[in-house]
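All remarks here apply to the structure that follows.
In this chain, numbering begins with 1 at the start of the sequence shown. All values reported here derive from a predicted model rather than from experimental measurement.
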Amino acid sequence: MDDKALTAIAFELYALPFEEFVAARTAAAKAAAGSGKELPAAVKALPKPSAAAWAVNMLAIHEPGVLAQLSELGQRMRSAQASLDAAALRELARERRTLLGTAVDTARAVAERQGRSISATIAADVERTLQAMTADEGATAAVQSGLLVQALSADGVDTVDLDGAVAVPGAVAVPRATPLGRPKQPPATVPEEEERTTAEPGTRRPADQPRLKAVRETPRPASPSALEKAKAALGEATAAEEEFARLAADRQSQLADTEAEVADLTRETRELRDRLKAAEERLDSARKNLGTAAAEAKQAARAADKAKRSAMLAQERVLRLGNTRDS
C-alpha cells in the first residue's frame, strides 16, 4: 500500500468541516479503488474524529501560531521542571492558563467558521488536549499534525497515551520525551574502579588515557538535594492547585449560567403553555361559533330561497290578474 497516498488523503479528510467527514471518506475510498484493495480499505478505516479532536485539528490547520506558542511554553516548562525551578514553574503555569484560555476561544471561533459550535463539554476536552501538549513532546507532535482523532489528557507524571490518537501514526514523528513532572535523571556513571576492571590489562590504547583522565577530573553536577526536590514538588503542586481552582471557578460560572438559562427557558415554557391553553380555548369557542354561524347561514339561505319562490308566485299572480282585467 502507498503510505504517502493514504497520508495525503487523510490530511484532506481531517481538514474538512465535521459533518462532511463520513461522506468525503466514502468518496475518497471509492476514488482510490483503482490503486488496489489495500488503499481503499485503509481509507475506509480512517476513524471519524471526536468533536474535540476535530476542533483541535481546525486550530492546527487554520491557526497554527496558537499551537506554536503552547509548544514553546511546554519546552520552557519542561526545562524549569528539569532544573527544579519552583518559582519559574509557578509563573509558567500562570502563563499557560492565559494561553489556554486564548487558544480555546480561538478554537471556538475557528469551529464556528467551519459550521459547528462548541459546547462547554467539548471546550473542556479541547483545553485538556492543549494542556497535554505542553506536558509531553509526543502530544505536541500529535496535536500539531492536524490528524488527531481523540482528545488527550496528561496527569503530569506519565507520558501522554497516544495509542490510537493519530489517524495515520506513521505520518507523525512522535518522540517519547520525559513528561512534565518527572525530572530527567542524569546518565548513570561507571565507577572508576569498575571502569579499570572492564578491560584486560594492556588492552587499553594509550591515546584513550588523557581523555578518560579528563572525564574523571571533570566535576559532575551534584544531584538535587531533598530540599530542592521538595521545593520543585511544592511549586508544581501550587501551580496545579491554582489551575484546578481556576477550572473549578470556570465550571461554577458555567453552572450558574446554565441554571439561569434553565430558569429562563422554564419561565418561557410556562408562558407558552399558558398562551397555548388560551389559544385552544379561543379555538374551541371559534369552532362553536362557526357551527352556530353555519347553521344560521343555512337557515337564512333556506328562508331566502323560500322568500324568492314566494316573490315569484306573487309576481305570476299579479300578471295573471292583470291579464284577466284587460280581457
Arg128 and Asp125: CA distance, side-chain angles, deciding distance, salt bridge (Lys or Arg N to Asp or Glu O under 4.0 Å) verdict: CA-CA 5 Å; Arg128 278 192 293 272; Asp125 287 340; 2.2 Å; yes
same_hphob_cluster(Phe11, Leu16) at 4.5 Å side-chain heavy-atom cutoff: yes
Hphob cluster co-occupancy, Val22 + Leu13, side-chain heavy atoms under 4.5 angstrom: yes
Inter-residue atom distance Arg25.CZ - Ile9.CD1, 0.5 Å rounding: 12.5 Å
Student check: side-chain heavy atoms of Leu276 and Leu272 closer than 4.5 Å: no
Ser71 (side chain) donor-acceptor with Leu67 (main chain) under 3.5 angstrom: no
Non-hydrogen side-chain atoms of Gln81 and Leu84 separated by less than 4.5 Å: yes
Row check, Phe18 ring normal vs Lys48 NZ/CZ: under 6.0 Å, within 45°: yes
Gap separating the CZ atom of Arg97 from the CD atom of Glu95, nearest 0.5 angstrom: 11.0 Å
Spacing of CD1 belonging to Ile122 relative to CD belonging to Glu127, to within rounding of 0.5 Å: 14.0 Å
Over all atoms of both residues, closest heavy-atom pair of Ser83 and Ala80: OG-O, 3.1 Å
Minimum-distance pair of heavy atoms, taken over all atoms of Val126 and Ala107: CG1-CB, 4.2 Å
Close side-chain approach of Leu148 to Tyr14, heavy-atom, < 4.5 Å: no
Arg302, Arg309, Lys308 screened by side-chain hydrogen bond (donor to acceptor under 3.5 Å, both in side chains) with Asp305, the one that passes: Arg309
Shortest non-hydrogen separation from Ala33 to Pro40 and the atoms involved: CA-CG, 3.7 Å
Same cluster (ILVMFWY, side-chain, under 4.5 Å), Val56 and Val160: yes
side-chain hydrogen bond (donor to acceptor under 3.5 Å, both in side chains) contacts touching residues 273-285 (sequence neighbours left out): none
Thr26 side chain near Val43 side chain, heavy-atom distance below 4.5 Å: no
Thr106/Thr102 under side chain to side chain contact (heavy atoms under 4.5 Å, CB included): CA gap, chis, key distance, verdict: CA-CA 6 Å; Thr106 304; Thr102 301; 4.2 Å; yes
Close side-chain approach of Leu147 and Asn57, heavy atoms under 4.5 Å: no
Contact summary for Ala29 and Lys44, nearest pair of heavy atoms: CB-CG, 3.6 Å
pair Met58-Arg113: side-chain heavy atoms closer than 4.5 Å: no
Side chain to side chain contact (heavy atoms under 4.5 Å, CB included) assessment of Val168 paired with Asp3: CA-CA 9 Å; Val168 186; Asp3 291 338; over 6 Å; no
Sub-4.5 Å side-chain heavy-atom contact between Thr7 and Lys4: no
Thr129 side-chain N/O to Leu152 backbone N/O, donor-acceptor pair under 3.5 Å: yes
Shortest non-hydrogen contact from Ala123 toward Val104: CB-CG1, 4.0 Å
Nearest heavy-atom neighbours spanning Ala139 and Ala132: CB-O, 3.6 Å
Between OG1 on residue Thr292 and CD on residue Glu296, distance to nearest 0.5 Å: 6.5 Å
Val110-Met133 co-clustered via ILVMFWY side chain contacts under 4.5 Å: no
Hydrophobic cluster identity match, Ile61 and Val143, side-chain contacts under 4.5 Å: no
Note: Arg76-Glu72 ion pair, threshold 4.0 Å (strictly below): yes
Interatomic distance, Asp85 atom CG to Arg90 atom CZ [nearest 0.5 angstrom]: 9.0 Å
Residue pair Thr134 / Arg96, side-chain donor-acceptor N/O under 3.5 Å: yes
4.5 Å side-chain heavy-atom contact, Leu99 and Leu130: no
